[in-house]
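Since the model is a prediction, treat every value here as computed from it, not as a measurement. A note on names: the letters A, B, ... follow the listed sequences, proteins ahead of strands, and every chain is numbered from 1.
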Amino acid sequence: MTEHTDTPTHFIRQIIDKDLAEGKHGGKGENIVTRFPPEPNGYLHIGHAKSIFLNFGLAEQYRGTCTLRFDDTNPEKESEEYVASIRADVSWLGCQWAGDVRYASDYFDVIYACAVSLIQAGHAYVDSQTPEQIAANRGDFTHPGTDSPFRERSAGENLALFEAMRQGELDEGTAVLRAKIDMRAPNMNMRDPVLYRIRKVRHHQTGDTWCIYPMYDFTHPISDAIEGITHSLCTLEFEAHRPLYDWVLDKLEGLQSFPSRPRQYEFARLNLNYTVTSKRKLKQLVDDGHVDGWDDPRMPTISGLRRRGYTPAAVRRFCDMVGVARADSVVDMGMLESAIRDDLNRHAPRAMCVLRPLKLVIENWPAGQVEQLDAPMHPQNDAMGTRQIPMSGEVFIDREDFQEEANKKFKRLVLGDRVRLRYGYVVRATDVIKNDQGEVVEVRCTYDPDTLGKNPENDEGQGKLRGVIHWVSAAQGVPCEVRLYDRLFTSASPEREEEGFAACLNPASLRVLEGAIAEPSLAAAPVESRFQFEREGYFCVDRDSRAERPVFNLTVGLRESF
RNA sequence: UGGGGUAUAGCCAAGUUGGUAAGGCAGCGGGUUUUGAUCCCGUCAUUCCCAGGUUCGAGUCCUGGUACCCCAGCCA
């Protein structure tokens, strides 16, 4: 029951420690500034959580700061809906960004000024080639690119053209601003990358103020420098962009003044098996109706995990367990499940809920009597208190907890044998009632009144109790809906399936149990509250719940070792 | 094919002046238990992608291979 408090160490911490030791950033951890820079073009997922906890965690550990910045330079794919969801998700995870939320679009004026000074210094030019020509002249891995015929325009001409771009005088696709670097560079990103393009679309933050938008590679280093970022952390695919990141900042040196000279470091993105973690594919799952939305409990999105019953602490713990390194990896879903089980085992109150009810009639129970039994909320934590559970002569048990015949391995109720009703009495099954199809529809039993809180006496020759099963009193039980979730895909790596990831969707990823019966204390449980349904798993209250009919989502089942 | 990266157990991952392979997840064996849960104890790499070399000593250094990932958007 020990809480996890250790802070993970990894290569990025080592870099910061070394920087500090060398006197960089004033040698003070307080001066470390990181940022989480999502593009608002989709919902955040578990992979983003890794980045969020890395960046905010570092700020926390060094007592530095971390900003939240929307990288909103592509208005066509972005929206306010995504901005709102991302803010909510980051907050839910428990991260507090320094100051106000930032937008790269807040810096469009500065970025524009940077472009102008680069042009003046001869480091950028307006290219009037068509997109196709630019692509063709870029060359490929084996062939160097060829210079644009517009590459040697004068600064004055470039300035005038760039101004014309900004004024909306040029059509989309007819001109771009390009960095003047090296068309023969082996790193394709350095072959005169595009810095600005014309997009005559409304921006969710800046409206119609701009019709030219800076590219990521130009925007990011400048935004980082403006915010005083010291360590700009991103994923591995941006590694080849680092020379450009540095080029931009180097060329701007002396031309613009920034509070910091940030450095970019890359780490491996998080991959989870049996799911997908790419905004494009997640969006497709939503758009194609394979799930109910971005927050469907089967989605690896932050909002999906939240609705599934995950806690921020468990997500963070999972990220700590996974670590931060540079090797591509695929983490086993079991690790995520372990993190939430560990959290919920310690913090979730216990309750009983019968998922597939089978009536159990106690024939020697005093007619009409209802007894209130005390049950602890948590077996290892008395501080969580107790609750009362009504017991009567008719209860429901789970169909899977009864068999007419079974070997000794079956630690549940068997005809003729005994079992304890959790927190209650020992009962012995005496008879079964079947329907026309031969299915057991009711079990008859007798109970031993002297077994509450103690084992049966005069027990010679009767052997041990087979086990303990959960139950709910029929008259007082609360009808509810239980949604059982399983992995969304049947393939460990859906993205690698030849027929596409949609071809390996798990048809049983959601099973709805309409007839479940919960103990009365569960009737008023608030949305998002979490419980362990004993012997079943961890569940949380879904927002679809109504007062007279709660809905529970399976977060994760209990470990089963038999 | 040019450039940039990465290889340590089934999975993730420490290993930082070369000194004799952390930890977690999963698994396996046992104990406690009114949850087949939890908890507890034990077990789980003679070997670090491969092959050579240097060294008293190599996961760490050198040489040569191999595999996988990323880059040819006016996406991020």
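Pair assignment for A9(B): none, as no Watson-Crick or G-U wobble contacts are both less than 3.5 Å. Under the Watson-Crick or G-U wobble criterion, with both distances below 3.5 Å, G59(B) has no partner in any strand shown. Pair check for U43(B) finds G27(B); Watson-Crick or G-U wobble, both atom distances under 3.5 Å. Across all strands shown, C75(B) has no partner, as no Watson-Crick or G-U wobble contact with both distances under 3.5 Å is found.
When distances are taken from the side chain of H241(A) to each of C69(B), A76(B), C71(B), the shortest belongs to A76(B). Considering only the side chain of M215(A), C75(B) comes nearest among C75(B), G36(B), A72(B). Considering only the side chain of E39(A), A76(B) comes nearest among U35(B), A76(B), G15(B). Looking at the side chain of S338(A), the nearest of the listed nucleotides A76(B), C25(B), G15(B) is C25(B). Proximity note for A327(A) (side chain, C-beta onward) versus U38(B), A7(B), C74(B): the nearest is A7(B). Listed nucleotides C70(B), G4(B), A13(B) differ in distance to E239(A); the shortest reach to its side chain belongs to G4(B). Side-chain proximity of S329(A) to A76(B), A13(B), G24(B): nearest is A13(B). Nearest nucleotide to the D71(A) side chain, out of A76(B), C39(B), U35(B): A76(B). Side-chain atoms of M335(A) lie closest to C11(B) of the nucleotides A37(B), C74(B), C11(B). Picking from C39(B), G3(B), G24(B) the nucleotide with the shortest atom distance to the side chain of N187(A) gives G3(B).
Nucleotides A22(B) and C44(B) have their C1' atoms positioned 15 Å apart, rounded to a whole Å. Rounded to the nearest Å, the gap between the P atom of A67(B) and that of C28(B) is 36 Å. Rounded to a whole angstrom, the distance from the C1' atom of G59(B) to that of U8(B) is 7 Å. Between the P atoms of C49(B) and C11(B), the separation comes to 13 Å (whole Å). Comparing the P positions of G65(B) and G3(B) gives an interatomic distance of 13 Å, to the nearest angstrom. For A45(B) and A7(B), the P atoms lie 22 Å apart once the distance is rounded to whole Å. For the C1' atom pair drawn from U55(B) and A72(B), the interatomic distance equals 46 Å after rounding to whole Å. Taking atom C1' on both U17(B) and C61(B), the two are 12 Å apart, rounded to the nearest angstrom.
A distance cut-off of 5.5 Å between ring centres, combined with a plane angle under 30°, leaves Y423(A) outside any stacking arrangement with the base of U34(B). Once the 5.5 Å centre distance and the 30° plane angle are applied, the aromatic ring of F141(A) is found stacked with the base of G2(B).
For the side chain to side chain donor-acceptor pair (under 3.5 Å) test with N41(A), the passing option among E78(A), K279(A), K77(A) is K279(A); the others fail. Among F162(A), Y125(A), Y213(A), the one residue that satisfies the ring pair (Phe, Tyr, Trp, His ring centres under 6.0 Å) test with Y196(A) is F162(A). Each of H470(A), R387(A), R350(A), Q388(A) was checked for a side chain to side chain donor-acceptor pair (under 3.5 Å) with E519(A), and the lone residue meeting it is R387(A).
For the atom pair S278(A) OG and F501(A) CZ, the distance stands at 7.0 Å (nearest 0.5 Å).
Aromatic pair F552(A)/F533(A): centroids less than 6.0 angstrom apart.
Across all strands shown, D140(A) has heavy atoms under 4.0 Å from base atoms, whether or not it also approaches the sugar-phosphate. Across all strands, R422(A) comes closer than 4.0 Å to base atoms (heavy-atom distances). At a threshold of 4.0 angstrom between heavy atoms, the contacts of R191(A) with the nucleic acid are absent. Here T73(A) lies in heavy-atom contact (under 4.0 Å) with sugar-phosphate atoms only. E78(A) comes within contact range of no nucleotide atom at all, as no heavy-atom separation falls under 4.0 Å. Residue contacts for I134(A): at a heavy-atom cut-off of 4.0 Å it reaches a base atom on one of the strands shown. At a threshold of 4.0 angstrom between heavy atoms, the contacts of E337(A) with the nucleic acid are absent. Across all strands, V324(A) comes closer than 4.0 Å only to sugar-phosphate atoms, never to a base (heavy-atom distances). Backbone-only engagement by V331(A) is indicated by non-hydrogen atom pairs under 4.0 Å involving sugar-phosphate atoms exclusively.
Between the C1' atom of G73(B) and the NZ atom of K77(A) lies a distance of 8 Å, rounded to the nearest Å. Atom-to-atom, CG of L236(A) to P of A7(B) comes out at 10 Å; the value is rounded to the nearest Å. Residue W210(A) contributes atom CH2, which lies 21 Å from atom P of C74(B) at whole-angstrom precision. When the C1' atom of C74(B) is taken as reference, atom CZ of R166(A) falls 19 Å away, rounded to whole Å.
One finds no side-chain N or O of T219(A) lying less than 4.0 angstrom from the OP1 or OP2 phosphate oxygen of A76(B).
R487(A) forms a cation-pi arrangement with Y274(A), by the criterion of a distance under 6.0 Å to the ring centre and an angle within 45° of the ring axis.
In this structure, the side chains of F70(A) and Y82(A) stay at 4.5 Å or more apart for every pair of heavy atoms.
The base of U35(B) sits within donor-acceptor range of the side chain of Q532(A), with an N or O pair under 3.5 Å. For R420(A) and U34(B), a side-chain-to-base donor-acceptor distance below 3.5 Å is present, hydrogens and geometry of angles not being considered. The base of G36(B) lies close enough to the side chain of R412(A) for a donor and an acceptor atom to sit less than 3.5 Å apart. For R350(A) and U35(B), a side-chain-to-base donor-acceptor distance below 3.5 Å is present, hydrogens and geometry of angles not being considered.
Looking at which nucleotide of RNA chain B each of M188(A) and E534(A) is closest to, the 5′-most match is held by E534(A). Ranked by how close their nearest RNA chain B nucleotide is to the 5' end, V330(A) and F410(A) are led by V330(A).
Enclosure of atom NZ in K283(A) is not indicated, since only 12 or fewer non-hydrogen atoms of other residues, nucleotides or ligands lie within 6.0 angstrom.
The nearest pair of heavy atoms linking R35(A) to C234(A) is NH2-N, 4.2 Å.
With a glycosidic angle further than 90° from 0, G18(B) counts as anti.
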